[in-house]
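The block underneath contains the structure these notes are about, expressed in structure tokens.
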Protein chains: 2
Amino acid sequence: MSTTSRDVARVAGVSQSTVSRVLQNRGNVEESTRQRVLKALEDTGYVPNLQARAMRMRRSGLVGVVTGSITNPFYPELLDGLARALAGADLRMALWTADEPASSTVAVQAIQGGAADGLIFTTATPSDPALREAVAQHLPIVLVNRSISGLHCDQVTSDNVAGGQLVAEYFLAHGRTEVAVVGGSDLISTGRERRQGFVSAMAENGIEIPPHRQPECDYTHDAAVNVGLELLGHPNPPSAVFCVNDLVAFGIQDAAFRLGVAVPDALWVAGYDDIPMAAWDRIDLTSVRQPIESLAKVAVECLLKRITNPDEPYEHRRFGAELAVRGSTAGAPPPPDAI
Amino acid sequence: MSTTSRDVARVAGVSQSTVSRVLQNRGNVEESTRQRVLKALEDTGYVPNLQARAMRMRRSGLVGVVTGSITNPFYPELLDGLARALAGADLRMALWTADEPASSTVAVQAIQGGAADGLIFTTATPSDPALREAVAQHLPIVLVNRSISGLHCDQVTSDNVAGGQLVAEYFLAHGRTEVAVVGGSDLISTGRERRQGFVSAMAENGIEIPPHRQPECDYTHDAAVNVGLELLGHPNPPSAVFCVNDLVAFGIQDAAFRLGVAVPDALWVAGYDDIPMAAWDRIDLTSVRQPIESLAKVAVECLLKRITNPDEPYEHRRFGAELAVRGSTAGAPPPPDAI
DNA sequence: ATCCAGCATGAATACGATTTCATACGACGC
DNA sequence: GCGTCGTATGAAATCGTATTCATGCTGGAT
């Protein structure tokens, strides 16, 4: 049986309220008794019961995180940043992976039940009823990485449209006009926006991308290989491919490898997220980099603000993105003013 | 203000105890009132206060997981398995990454404070005082992936020594005797055991590995590249390298790539963990595979058993490992009976 | 008819902390 | 010397649930 604050009080010869006062460093307590209590705390090896404290304080110290497929290395990077930021704010992190179908439902129940103080979604679909309900109840919720327009909650993203444009302009500046874009389903904001940015920037330069050069693709390496084999095996293959995330780009690179298509001579490949593997020598993938650390930090800041001050207006903070040029494309990106 | 079970009771015209009885499906309650309560629950949109419930039941429904560096893709794989297994047991998961220095301390405090029902360590050092203390107090703790001999708690691992042997015997069977082993500090059980298995199997076959062919190495790609450049740049370079995990192997492969050393002709490389990237076409790394899914499943089973029945004897369950042969080495592994 | 078992249910208690309320005491100003 | 104020502290209320205890009632067996 664990020792309670009442046990400590008995040892120190004071009342339980005084122990609590010392613990909370609040209210007046004479220095001598204060010392006596501190000694008793030490002697008994007291550990506060977090459940009881949470129940009374209506604050659990736990933040729920609903994350996308954790086997996509982008998410661990983001989680790492979130973990760091949360630990800095003395908060613990509960994790739900979106692979489990009911994860958002369970997460929302957790916050409704007071088991979590707030929720961070790194992935979300507009139709998710649990998310909708949580937002309707004005629970402290922050979307990071994904954005859902019209959803009344804080959202922290990077400018995916601009990122897509960046790649398009880079391709164009080097005369790569036979382009394709892989992935970017309408349901997922990141992919959709990235593709839109790319496609519209191409359109503005008079280049229409035919449907067969805009294949849909699961966001996994293996799915991308299959898509790539088809795309690159076409009688009139593209000379540059923009992939809406790095895992897909790796798959396209591997498809090119299997088919003996030379990268970057015959084919340029660009990805998105700039996960660490993109920089490895034999991958060497040009990719759009998001400021992951900042995204995480700001998301946590937003959540803290929302928890302490629920009536602040909702923020939509959007970071820039930059292109990390590597060997899967050749040539430095054009200077900004040349665009 | 959230609705409590007392509110529901008022709506249903019964006492709070009856509501609780319906909720818990325990004790006798007449079908008609039961229906009335269920309707009231529905109407009021009641969500139980998990803190209060946890406090009363002395069970939080939360399991703490202390994980190794989440940016090493092995850990997300393991976490994924753990998340699945925990969700199946209707448990939530709190995550601490070991990158934060105090993570194990905080995790242990969480369980001591009743905020978690049990702890799963996927990484741990023998000297960790928080871990020691938790074990001494017979708190429900399971080590998975790591093993610490003499520590009285459940441990679930795969046979890392056998895995190292497997690689050694594979190298030997194909006449690769100029071998090196990279990584495997004494502090980390997995690496140490893998190296020991490899080194001792080599020794049994009369092959002593000189110290300069046993470099230490951080478990990251970039550190491994530097180690690899040195190792392979040596006037008398090895013809086969065993790396204690895949990230390190990727780095060694890249070092070979930079130096123009042909893999697998001039150099064989083998890794450990068989993370998904190992199977990608342009990585194509031979690696020792652990049954990650089983490790995770059994770890959770162990923990559940320990939580419900604290006095069971401690188990040390150890799974086998197998070699996934790919292009970074050439030649099928020898049949088992040839070893 | 009586008694007892068992059922349905409400009242009360416990969980362990925080916080409010009440009280006793000492000092100070008039 | 008395009222008042501030300080130090203990007693009690509170958070929302699960569970135990108490009670009235019904039905069947003797």
Side-chain angles (χ1 to χ4, degrees), chain A residues 1-41 44-62 90 109-117, chain B residues 1-41 44-62 90 109-117:
Chain A
M1 204 45 54
S2 58
T3 68
T4 75
S5 63
R6 196 159 268 118
D7 299 332
V8 177
R10 196 173 308 124
V11 170
V14 298
S15 78
Q16 185 257 344
S17 354
T18 300
V19 175
S20 184
R21 269 188 278 260
V22 171
L23 247 31
Q24 300 296 316
N25 231 344
R26 135 180 286 141
N28 297 319
V29 42
E30 207 185 352
E31 186 57 25
S32 65
T33 60
R34 193 182 129 76
Q35 290 301 333
R36 217 161 65 243
V37 170
L38 286 176
K39 179 156 188 333
L41 285 169
T44 54
Y46 170 77
V47 178
N49 183 314
L50 298 175
Q51 303 291 357
R53 175 174 288 177
M55 172 168 168
R56 182 61 230 244
M57 310 255 276
R58 304 183 156 284
R59 188 138 194 289
S60 65
L62 195 67
D90 209 28
Q109 280 173 352
I111 191 179
Q112 289 175 329
D117 297 333
Chain B
M1 202 46 52
S2 57
T3 69
T4 73
S5 62
R6 196 158 268 120
D7 298 332
V8 176
R10 196 173 309 125
V11 171
V14 298
S15 77
Q16 182 260 338
S17 357
T18 301
V19 174
S20 185
R21 269 188 279 261
V22 171
L23 247 31
Q24 301 297 316
N25 230 346
R26 135 181 284 139
N28 297 318
V29 42
E30 205 185 354
E31 185 56 25
S32 65
T33 60
R34 192 182 128 77
Q35 290 302 333
R36 216 160 66 243
V37 169
L38 286 176
K39 179 156 188 333
L41 285 170
T44 55
Y46 169 78
V47 178
N49 182 314
L50 298 176
Q51 303 291 358
R53 175 174 289 179
M55 172 168 168
R56 180 63 229 250
M57 309 257 275
R58 306 187 152 284
R59 189 140 192 289
S60 65
L62 194 67
D90 209 26
Q109 281 173 352
I111 191 179
Q112 288 175 329
D117 297 333

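Labels below follow one simple rule: chain letters A, B, ... track the order of the sequence lines, proteins then strands, and each chain is numbered from 1.
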Check the distance between D:dA11's C1' and A:Arg10's CZ and give it to me in whole angstrom. 16 Å
Return yes if some donor-acceptor pair links the side-chain N/O of B:Arg6 with the main-chain N/O of B:Gln16 below 3.5 Å, else return no. no
Measure CZ/B:Arg6 against C1'/D:dC15 and give the value in whole Å, please. 10 Å
Taking only side-chain nitrogens and oxygens of B:Ser15, does any of them come within less than 4.0 Å of OP1 or OP2 of C:dA11? no
Does the side chain to side chain contact (heavy atoms under 4.5 Å, CB included) test come out yes or no for B:Gln51 and A:Ser60, once each step is laid out? CA-CA 8 Å; B:Gln51 303 291 358; A:Ser60 65; 3.1 Å; yes
Does B:Tyr46 reach the side chain of B:Val19, with side-chain heavy atoms less than 4.5 Å apart? no
Give, for atom CG of A:Asn28 and atom OG1 of A:Thr18, the distance between the pair rounded to the nearest 0.5 Å. 11.5 Å
How would you list, by chain and number, every residue that makes a salt bridge (charged side-chain N to carboxylate O under 4.0 Å, His left out) with A:Arg10, sequence neighbours excluded? A:Asp7
Please work out if A:Val14 contacts a base, only the sugar-phosphate, or nothing of the nucleic acid, heavy-atom cut-off 4.0 Å. sugar-phosphate
With a 4.5 Å limit on heavy-atom distance, are the side chains of A:Met55 and B:Arg56 in contact? no
Within a strict 4.5 Å, meaning less than it, do heavy atoms of the A:Val8 and A:Val11 side chains meet? no
How many whole angstroms separate atom CG of B:Asn28 from atom C1' of D:dA18? 16 Å
Under the criterion side chain to side chain contact (heavy atoms under 4.5 Å, CB included), I'd like the reasoning laid out for B:Leu62 against A:Leu62: C-alpha separation, chi angles, the key distance, then a yes or no. CA-CA 11 Å; B:Leu62 194 67; A:Leu62 195 67; 4.0 Å; yes
Shortest non-hydrogen pair, B:Val47 vs A:Gln109, comes out as CG1-O, 4.2 Å
Which sits closer to the 5' end of DNA chain D, A:Met55 or A:Gly27, going by the nucleotide each is nearest to? A:Gly27
Table of protein N/O atoms under 3.5 Å from nucleotides 19-21 of chain C N/O atoms:
from, atom 1, to, atom 2, distance (Å)
C:dT19, OP2, A:Arg26, NH1, 3.3

Interface residues of residues 30-38 of chain B with DNA chain D (non-hydrogen, below 4.0 angstrom): none
Looking only at heavy atoms, what is the nearest atom pair of B:Leu50 and A:Ala115, with distance? CD1-CB, 3.6 Å
Can you list every salt bridge (charged side-chain N to carboxylate O under 4.0 Å, His left out) pair that touches residues 13-32 of chain A, not counting sequence neighbours? A:Glu31-A:Arg34
Of residues 45-54 of chain A, the positions that come close to DNA chain C - non-hydrogen atoms, cut-off under 4.0 Å: A:Tyr46, A:Pro48, A:Asn49, A:Ala52, A:Arg53
By nearest-heavy-atom nucleotide on DNA chain C, the more 5' of B:Val29 and A:Val19 is B:Val29
Output for pair (A:Gln112 CD, B:Thr3 OG1), nearest 0.5 Å, gives 10.0 Å
B:Leu23 and B:Leu41, any side-chain heavy atoms less than 4.5 Å apart: yes
Computed from five pairs at either end and rounded to 10 degrees, the angle between the axes of the helix from C:dA1-D:dT30 to C:dC30-D:dG1 is 60°
